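Structure record follows, encoded as structure tokens.
Quantities reported herein were computed from a predicted structural model and do not represent experimental measurements.
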Amino acid sequence: MDKPLLSYLESEALLPFLKRSRWYRHKSSVVIRASVDDVVPIPTEETGGAAWILIVRTEFISGDSATYVVPVARIESGDGHRDALLDSAAVICADPADPAVSYVDALYHEPFRRALRDLIARGDRVETARGGIVARAHAAEAQRLEQARISGSHVLRTEQSNSSILFGDSLFVKLYRHLEEGVNPDVELTRLLGVDRRFDAIPPYIGDIHYRRIGRPAGALALCIGFVPNQGNAMDWWRLQIDSFFSSIVESGDRDAPDGPPSTVAGASMEVPPALGGHLGVSFLPMVARLGERTAQLHRALAAETTNPDFFGEPFTMEYQRSLEARFGTLLERVYSVARDVRERAEPHLAEQIETFLGEEATIRSRFSAVAAAPIDARRIRIHGDFHLEQVLVAGDDVVIIDLEGEPARTLSERRAKFSPLRDVAGMLRSFDYAGHGRYLSERGRDPERAAVLAPWVAAWYGWVSATYLRAYIEHIADAQLLPRHRTTLQTLLDVYVLEKAVYEIGYEMNNRPAWVEIPLDGISYVIGKHSVDGRQ
């Protein structure tokens with residue numbers, strides 16, 4: 001890439017391109033400069049098929065900075081590869097010296113995608129004056145990589161924080177747009193769990209690419225995993241099941257919804273009431289139980305690593321429990337500050353909901369304080385870290401767990417921290433609530449009378465589905481000595497993680513989807529034992 005083009009990209013094109021890209025995480029930050037730290041040439045098969053991976057550094061007015069991965073391909077009007085120009089989001093700029101030439105996001109250019117796949121298959125290294133990239137492949141998956149050579153490819157449109165390429169029905173390559181120095185847990189965990197297949201409910205590890213600047217730690221640039229045939233993510237499947245559940249209730253005229261379980265832990269040793277089960281599809285509760293089983297197997301596999309101290313299980317200590325209490329308190333203070341501000345300018349209905357939340361502060365704080373009230377006989381391990389229904393694929397009568405990188409907004413060290421596995425469980429329980437309550441809100445917007453019939457059933461559905469999931473989870477992890485032995489302590493620890501998630505959700509919804517804030521508000525009411533707006537207890 002010549003200097004005039006590089007200069008033009010830095011001064012005119014890269015920053016606008018970043019700002020309009022879905023995967024750009026710093027849209028709310030004021031950028032003062034976007035500069036290219038390194039240019040990694042990527043040879044493609046076509047004559048004149050110039051392509052590069054740009055390592056782009058963005059500097060903010062706050063003094064912070066972030067590094068992004070921008071693959072660039074040069075396309076001429078007559079080169080026969082115009083697919084990238086069909087998507088305006090892929091165009092970075094026209095060549096200022098030649099309008100017949102465009103520079104595009106190379107992921108939308110088929111020759112570049114093939115080149116990226118081949119880099120991994122060969123385990124290539126591409127060096128630059130400042131550093132370079134290193135690829136590696138899992139030898140046992142050579143056949144799958146070879147199969148991908150005869151497959152077409154396309155960019156998936158569903159992801160926001162990263163970009164993914166699908167090669168036929170054989171493999172994915174996920175490009176990490178935000179380049180972070182250090183160990184990426186997605187690569188780390190996928191490789192750990194996948195190379196010896198100690199856990200078979202994740203996509204198989206195929207290979208990866210890292211970028212390293214001279215004198216600096218390497219950062220994950222791409223992960224290659226095997227494609228697993230599936231029927232879509234579990235959130236979409238769950239919503240279809242809920243719609244069928246709602247229809248069954250309305251068509252039957254059944255108005256007597258059963259009570260929910262006394263608590264999630266208590267419900268885990270109870271049977272689902274026939275009045276509820278009769279309205280559920282025959283495959284639904286078995287799938288819920290299968291998800292609980294697979295969650296337990298994931299945690300057992302992560303806890304079984306005995307050669308790498310990054311994975312050794314660690315006990316809860318009073319010092320750690322007090323740090324948890326402090327962290328929860330900090331989160332609560334931040335969200336309550338936002339809530340008080342939003343209440344002053346909110347519509348009456350939302351203001352009333354927020355007022356209810358503000359009135360529960362003392363109770364929520366006391367629940368958070370319970371985590372440091374007495375020793376907890378549990379262990380902390382590496383976990384998924386961002387576990388919800390959209391991180392699960394439905395594959396026949398089984399599930400596949402994906403995206404092991406944790407919450408993208410957190411730092412690598414935060415995402416690699418050790419927690420009770422109940423934190424993942426709590427994330428899934430909150431996802432159940434969003435699935436059920438979200439469909440209920442849609443019904444209420446369309447038909448308030450129908451929604452009034454469904455409201456108590458939604459409450460019962462959430463309680464018993466959560467209990468079914470927890471029953472299967474406990475059954476398959478009980479002898480791993482990761483959870484508290486006493487049911488009261490188990491419920492206490494699960495409650496604080498559910499509350500943590502729900503409080504965070506309230507802050508998010510107030511700023512992004514005020515109409516949905518009642519979902520986490522209702523979730524908090526469920527945990528602290530109050531009647532909710534939908535009759536949940």
Side-chain angles (χ1 to χ4, degrees), residues 38 40-45 49 51-53 55 69 71 73 106-107 109-128 131-156 159 162-177 179-213 217-229 301 305 307-308 310 393 400-405:
D38 205 354
V40 184
I42 305 297
T44 61
E45 297 171 359
W52 310 266
I53 292 177
I55 307 300
V69 175
L107 279 199
H109 190 45
E110 177 76 26
F112 175 82
R113 296 196 293 266
R114 291 198 295 267
L116 206 60
R117 175 205 60 206
D118 292 344
L119 279 172
I120 296 169
R122 295 191 300 261
D124 278 355
R125 178 188 299 268
V126 180
E127 296 183 351
T128 70
I133 61 174
V134 177
R136 61 179 173 176
H138 181 27
E141 297 291 347
Q143 183 176 356
R144 194 187 292 259
L145 280 162
E146 184 60 30
Q147 180 183 350
R149 290 183 59 83
I150 60 174
S151 303
S153 65
H154 66 275
V155 180
L156 300 185
E159 293 186 274
N162 304 302
S163 298
S164 286
I165 308 164
L166 174 61
F167 290 88
D169 59 356
S170 55
L171 58 83
F172 283 104
V173 172
K174 179 192 294 187
L175 185 77
Y176 299 107
R177 294 289 192 161
L179 183 65
E180 300 173 274
E181 294 178 346
V183 179
N184 182 311
D186 200 14
V187 177
E188 178 188 31
L189 299 185
T190 302
R191 182 174 171 82
L192 173 79
L193 297 173
V195 167
D196 63 4
R197 305 308 291 154
R198 69 174 66 188
F199 177 62
D200 62 3
I202 61 169
Y205 168 82
I206 308 296
D208 56 63
I209 303 175
H210 282 73
Y211 172 81
R212 182 192 297 273
R213 184 159 182 171
L221 191 147
L223 171 65
C224 183
I225 57 177
F227 172 75
V228 178
E305 173 58 37
T307 60
N308 185 341
D310 289 340
L393 301 177
V400 176
I401 297 171
I402 59 173
D403 292 339
L404 301 174
E405 65 177 310

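- In terms of heavy-atom proximity, Ala115 sits nearest to Pro43 at CB-O, 3.5 Å.
- How far CD1 of Ile120 is from CZ of Arg136: 11.0 Å, rounded to the nearest 0.5 Å.
- Rounding to the nearest 0.5 Å gives a distance of 10.0 Å between CD1 of Ile401 and CG of Leu393.
- Asp310 places none of its side-chain heavy atoms less than 4.5 Å from the side chain of Val183.
- Looking at Phe167 and His154, their side chains never come closer than 4.5 Å, going by heavy atoms from C-beta outward.
- Annotation for Leu119 and Ala135: closest pair O-CB, 3.3 Å, computed over non-hydrogen atoms.
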Steps toward side chain to side chain contact (heavy atoms under 4.5 Å, CB included) verdict (Arg213, Asp38): CA-CA 8 Å; Arg213 184 159 182 171; Asp38 205 354; 5.8 Å; no
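- Residues Pro41 and Val126 form a side-chain contact, since some pair of their non-hydrogen atoms from C-beta on lies under 4.5 Å apart.
- Going from atom CD1 of Ile202 over to atom CD1 of Ile225 covers 8.5 Å, rounded to the nearest 0.5 Å.
- For the pair Val187/His210, a side-chain contact is recorded, criterion being any heavy-atom separation below 4.5 Å from C-beta on.
- Partner Lys174 forms a side-chain hydrogen bond (donor to acceptor under 3.5 Å, both in side chains) with one of Asp208, Asp186, Thr190 and no other, that one being Asp186.
- Taking CD1 from Ile53 and CD1 from Ile209, the interatomic distance works out to 6.5 Å, rounded to the nearest 0.5 Å.
- When every heavy atom of His109 is checked against every heavy atom of Ala73, the shortest pair comes out as CD2-CB, 3.6 Å.
- No side-chain N or O of Arg144 forms a donor-acceptor pair with one of Ser170 less than 3.5 Å apart.
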Chi angles and distances behind the side chain to side chain contact (heavy atoms under 4.5 Å, CB included) call for Glu141, Leu171: CA-CA 10 Å; Glu141 297 291 347; Leu171 58 83; over 6 Å; no
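- Applying the ring pair (Phe, Tyr, Trp, His ring centres under 6.0 Å) criterion to Phe172, with sequence neighbours excluded, gives Phe227.
- Judged by distance alone, with hydrogens and angles left aside, the side-chain atoms of Arg117 form no donor-acceptor pair with the main-chain N or O of Leu145 at under 3.5 Å.
- Interatomic distance, CH2 of Trp52 versus OG1 of Thr128, reported as 15.0 Å (0.5 Å rounding).
- You'll find the side chain of Leu193 stays beyond 4.5 Å of the side chain of Tyr205, heavy atoms only.
- The side-chain heavy atoms of Leu175 and Ser164, taken from C-beta on, include no pair separated by under 4.5 Å.
- Judged by distance alone, the side chains of Ser163 and Arg177 do bring a donor and an acceptor atom under 3.5 Å apart.
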Worked verdict on Ile133 versus Ile42 for side chain to side chain contact (heavy atoms under 4.5 Å, CB included): CA-CA 10 Å; Ile133 61 174; Ile42 305 297; 4.0 Å; yes
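- Atom CG of residue Leu116 and atom CG of residue Leu221 lie 7.5 Å apart, to the nearest 0.5 angstrom.
- Residues Ser153 and Leu166 fail the side-chain proximity criterion, which asks for heavy atoms closer than 4.5 Å.
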CA sep, side-chain torsions, deciding dist, call: Phe112, Glu110, side chain to side chain contact (heavy atoms under 4.5 Å, CB included): CA-CA 5 Å; Phe112 175 82; Glu110 177 76 26; over 6 Å; no
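- For Glu180, the side chain to side chain contact (heavy atoms under 4.5 Å, CB included) partners two or more places apart in sequence, or in a different chain, are Arg25, His178, Leu412, Arg415.
- A heavy-atom distance below 4.5 Å is found between the side chains of Val134 and Arg125.
- Qualifying salt bridge (Lys or Arg N to Asp or Glu O under 4.0 Å) partners for Arg212, counting only residues two or more places apart in sequence or in other chains: none.
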